[in-house]
Amino acid sequence: MAFLRDYWQRFLGLFRGHRMDREMQEEMEFHIDCLIQSNIEAGMPKKEARAAAIRSFGGITQIQEEAREGRSFDRVEQLLRELRHTVFSLYKAPGFCITVVVTLALCIGANMATLSILYDLVLKPLPFENPEQLVQVTTPVQRAGPETYRISWTQYQDYKAHADLFGGFAPIRPTVMTLVWDSESTRVKGQRVSAEFFDLMRVKPLLGRFFTEEENYVGRHRVVVLPQRVWENKYHADPKVVGKTIRVIGEPSYTIIGVAPRSLEVFDYNAKFYIPFCVEDYEGSSQFRYSSGGELWARLKPGIRAEAGTAQLRELERRWFEETASARFESDYTPWKGQTSIERPDPLEKPLFLLQGVALLVLLVGFVNIVNLMLSRTGQKSHELAIRHALGAGKYTLGRLMLMESLMLMLAATVAGTALALALLRVINHFILGINPTTVPVELSPVVFASTLGLAGVLALITGLLPVSLFWKAGLIQKVNSSLRSSTAGSGARLLSDSLVVGQVAIVFILLVGAGLLFRSFKKVMAVDPGFDATQVIQGRVDLRGIYGNDRSVDLRQRILEAMKEIPGVEHVSFTQNNPFRNHNTEITWNIVVRGDPVGEEGSRRLMVRHLVAPDFFATMGIPILEGRDFLPSDDKSVFIVDELFVQRHLKGRTAVGAELYSDRYPPQDDEDWAHIVGVAGRANLQGLEKCNGIPIVYAFLNDHTGSWAYTILVRTTRPAGGVMKEMQQKMREIDPDLPLALLGPLDEALDKMLVKRRGVTLLATSFAGLALLLSAVGIYGVLAYEMLKRRREISIRIALGATRGQVTTWVLKQGLKKAGLGLVLGVAGSLLLNRFIRLLLFDVSTFDIATYIGAIALLLLVALAASYFPARRVTRIDPWGVLNG
Amino acid sequence: MTKTFNADLMQGTLDMLILRVLNSGSHHGWGIAQKIHVLSSDVLKVEEGSLYPALYRMERKGWIKADWGTSENNRRAKYYTITAAGKKHYAQERKNWMQLAEATAVVLGFSLKEA
């Protein structure tokens, strides 16, 4: 029962705090008065009696404190009191608070944003049942060009029949259709998915049903499943949407059979429809293994390891090569046939981890500042802490006080940092969508928020407790009079803050060099001569596939050319069958044989990119013809024009005009099939400025080529683009109202957009480096300013002994530069070690680019000098006599 | 002059001394300290820094209770009175103390009665 009463008393104490304090005070005063009286009676003079009484009574406050600690739920009350105290003491140091909160908010914001990207794009599990079982099957293929990942219908059939470690397979591939929505024809992207796809992902239709096995094949495939977002936006979530039809240009209508849930957006955020996989007859042929784009997804049976699955698929590939593949096919794919794997190739993974690494380094730099700031604040507060200690506050109470301060600051910083992260994500999403338009926009997920919060908590713990414990160990808190000035001030604390600043400079240097290399790369890319004149050229894309028959398509091309020429101000109009000016440019490369070249067993290794162009292409694009002639209306497919790079690479020392070529790995059977070069054009970087040293271009003539393809229309005009674009659309509507003009826009804009990835990376890297540089300037300044404050006595003695102000200033600057210099040495070593991680992002710049290193060194020294200057100037204003006597 | 000892020399001793003093009537803090001093023939001295925390602690435990009263010199003072629980506790502690002291004396080789 006794403990219950104790509990009750403590509980009452919570509410009676003030009254009890007052009563206690009164009781103490009574006691002191009695003491004085007794002293007087013992014969002391009145004044002395009083002083003795107070002296002997000791710390009233300490008694009160001890009594209080027992009085109530001391934790709650004490916490509230300490909280009030913390707020007040922070309020009195606005400069300190703002510096800490701004620094941390910047660091936390940056990290939250990068972590969100990393999580959303790489780490997040797929939003389906048992996502760990889902894998993507890929076969890397390098046939005359860069490595790509291909799949095929025959592989799918093969695996489905024989790979028993898997629960199922489903191929999907991107596609484009021209649909009529709201009585307007638009070219929209969608996905072709096999019937098994939805089952494999374990999703259920929101409405209607998904595809059947028969619908996989061309002819029975005119059914469509709507993504949830399209159903909601275009059909206003109409519950009776199943059974309605969608008009498709150039094809019979499709029937809506179901609505698919939002989770499928991870495969392509912009997919506006799902249609069956549509296997063409030829795709069943073994010659078309590894020939499809798209993705093959699979689900491992429960408990099966990925290695076992991979091994089984590789075994199936080996068997296929042995039993089915032709000798020619095998020779083509030999180096790759064993490479089928079920790891997900993610080109973004590496850069994103790199980005996160950079963000963490920035956080580290900021964190160093916070530790130093807290160290110096603890130093300034050491007198107060000492008094509190004398009044009975133990090590833990003091630690709690400092911790509360750092927690409160961290909380404010996290709120500000989150706001910053949200703003950053908006900017970053813009770049990500530019790089990869299929990506679901990145959001701040609870997982990321929680882990950032946890990280902030840990940082608060360290920054709050480390300084106090260092000061405690140095014995600076235990004695009231061991104030800042008289002590040599915690050599542990000083060593720590010095080495932190050195490390900080090193990290900043590494970031600066990295950003510098990227920035120089960017400038070099921008300085690349495109080789054509993009200003005043407008592009637009028209897709005739499946809409016009071969014969009609030639006629249509002609009509479009003529119609565009009628627009006032239009000088030249042409076509290319390629689709060069877009972001994700992966032109197909081909082998080519030059007549007279020895061709070995494995065929020609010469590569080219083929451009199929209409008359007037070079004039429209402003590409000069350097040798020979332009195409003539009378030309056919037996003539080529090659670019400078082709001559350099493949025709060195030979006369280009007149040389004969054949587009294959082996020479033609029939001599008549050789085509000859009629002209040499300037090198035009049609695949983007970054590809200037890429693959040579061979231009073939599109004059009377039949075939129903998609074309990029190019129009050179003397008028502003806006008006011309409107008229181009008008002309297209007149020719065929169902044919939309896609990707319409000025060519220089498109060319610029192709640099979005590089621009994004460079922008992020330079802003991170800039942020880090700023933080390190604050860091150097802070540490030096505090150090000078502590060494005022020493400096005063120097001045008193005759040092001039100039000498003192130089001395302080030297202190700053010494730290920076040591950091620079470490930074150079670190850069040399770490810069290989960005080698692939560089353009025409070596990782050991001397100019960048020198620039970074100069910049850092300058910043260090500037940061040291202010403390130096303050030191010279010291009044030495005041300091030494005071 | 005889050597003085701090009444808080042994843990728990002070509580017992206070209870002893209050057992014979109410006192304020100053009075308790004086009384212990006198009762111990000026050997035991009570530090204020120990006295008041002990009083508050004992009050919370319910052994003593406090009321405001008027002192000999007409000032408001806080008077402490022993409670029934306090009396019980005192009796118990006294017995314990006797046993402990006797046992210690035996070990040290003299009898308390001799001393």
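Any value given below was found using the heavy atoms of this structure, including those in side chains, with hydrogens, waters and symmetry copies removed. Lettering follows sequence order; numbering is per chain, from 1.
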**Prompt:** Less than 4.5 Å apart, any side-chain heavy atom of A:Glu27 and any of B:Tyr56?
**Reply:** yes
**Request:** Heavy atoms only: give me the nearest A:Phe30-B:Arg76 pair and the separation to one decimal.
**Result:** CD1-O, 4.0 Å
**Prompt:** Taking atom CZ of B:Arg94 as the centre, does the number of heavy atoms from other residues, nucleotides or ligands within less than 6.0 Å exceed 12?
**Reply:** no
**Request:** With rounding to the nearest 0.5 Å, note down the distance linking SG in A:Cys34 to CD in B:Gln34.
**Result:** 8.5 Å
